[in-house]
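Positions are given from 1 along the sequence. Values reported hereafter were calculated over all heavy atoms of this structure, with side chains retained and with hydrogens, waters and symmetry mates removed.
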Amino acid sequence: MSEKNPKGLSVSFRVDSGFLDHNNRVITAHNVDISRTADNVTYAKIDLHDFYEQIFGKALAEYNAKQKRADRQIPNYYEHVKKSGKGKLFYEVVVQFGDLLDCGVGSENWNTAKSMLDDYMREFEQRNPNLKVFNAVMHLDESTPHLHIDFVPVAHKGQRGMPLKNSMSGALREQGFSSANRMENEWTAWSESERSFMEQILLKHGL
C-alpha cells in the first residue's frame, strides 16, 4: 500500500511473500542491475533454522521437560510451525520511499531515499520488540531503493503451552495494537503506525 504526503512523495509499506533467495541475490531477477548488487546493504542474514533455535530453543526445552507424555513433546519447533498450518514461519514487509520518478536511479532524491530507509531500518526493532528480524536488506540494484525486512513474530503465552510462540496477532497485541473489527485488525493498526513513522522520517529530511 502506498500513500502520498502533501508534497507528493509517497511512502510504501506492504506485506510480501518473503523470497529469501531473491532478497539475498542467490537468484537474480531480470530487473536487477548486477553491476550495482555490491551496493546493497545487508542488515541481518541468519539461517532461519538457527534463528528458531536462538529464539525458541530454551522455551521449547522448558515446555518439553514439563510433558509427562512423550507424544505431547515438540521435537522441533520450526517443523511444528511449518506443519501446523496455523501461521507462517516468518513474515516480510517491503518498505519504500518515493517511486521511480522521484527516487529512482539518477533522481535527485536517490541518496535521500537511501538515508531515509536506513533511518527506518535502524529503529525497526526498537519500535517492534516482538518482531525478531533474521534477514534484512536494502536493495540498491533495482530501479528504486527499498527494504526487504523478514522477521519472526514472538508472543508470550500464559500457563499452558510454550512460554514463547510464533504468533503475529499475539506479538502485535503485546505491542499495544488491537483489533477493532474484521476490517481493522492488529495488522491494520500496526501498518498505519509504521506508515506514520515513515512520514516522520520524511519530515525529518525536509520532505
>> Minimum heavy-atom separation for A44 and V133, please, with both atom names.
In response: CB-CG1, 4.2 Å

> Is the backbone of H148 close enough, under 3.5 Å, to the side chain of N23 for a donor and an acceptor to pair up by distance?
Replying inline: no

>> Check this for me, if you would: do D33 and R36 make a salt bridge, where the nitrogen-to-carboxylate-oxygen distance has to be below 4.0 angstrom?
In response: yes

> Does the side chain of N185 reach to within under 4.5 Å of the side chain of S178, using non-hydrogen atoms?
Replying inline: no

>> I need the E186 CD to L172 CG distance, nearest 0.5 Å.
In response: 6.5 Å

Output a table of donor-acceptor pairs, distance under 3.5 Å, between side-chain atoms of residues 164-171 and any protein atom two or more places apart or on a different chain; print 'none' if there are none.
from : atom 1 : to   : atom 2 : distance (Å)
N166 : ND2    : Y52  : OH     : 2.9
N166 : ND2    : K88  : O      : 3.0
N166 : ND2    : L89  : O      : 3.4
S167 : OG     : G170 : N      : 3.0

> Which residues satisfy the side-chain contact (heavy atoms from CB on, under 4.5 Å) test with S115, sequence neighbours excluded?
Replying inline: H205

> Under the ring-ring contact (aromatic ring centres under 6.0 Å, His included) test, which residues partner Y63, sequence neighbours left out?
Replying inline: none

> Excluding sequence neighbours, so at least two apart, what forms side-chain contact (heavy atoms from CB on, under 4.5 Å) with H80?
Replying inline: I74, Y77

>> Regarding D118 and R122, does a basic nitrogen lie under 4.0 Å from an acidic carboxylate oxygen?
In response: yes

> Is the shortest heavy-atom distance from the side chain of I149 to the side chain of E92 under 4.5 Å?
Replying inline: no

> Taking side chain as C-beta onward, heavy atoms only, is M121 less than 4.5 Å from M138?
Replying inline: no

>> Is any side-chain heavy atom of V93 closer than 4.5 Å to one of D16?
In response: no

> By side-chain contact (heavy atoms from CB on, under 4.5 Å), which residues pair with K58, not counting sequence neighbours?
Replying inline: E62

> Is the F151 to F90 ring centre distance short of 6.0 Å?
Replying inline: no

> Under the salt bridge (charged side-chain N to carboxylate O under 4.0 Å, His left out) test, which residues partner R25, sequence neighbours left out?
Replying inline: D141, E142

>> Looking only at side-chain N and O atoms, does N109 offer a donor or acceptor that is under 3.5 Å from a partner on T112?
In response: no

>> For Y120 and F197, take the angle between the two ring planes, folded into 0 to 90°, and tell me which bin it lands in: parallel under 30, tilted 30 to 60, perpendicular over 60.
In response: tilted

> Just wondering, do P145 and W110 contact through their side chains at under 4.5 Å, heavy atoms?
Replying inline: yes

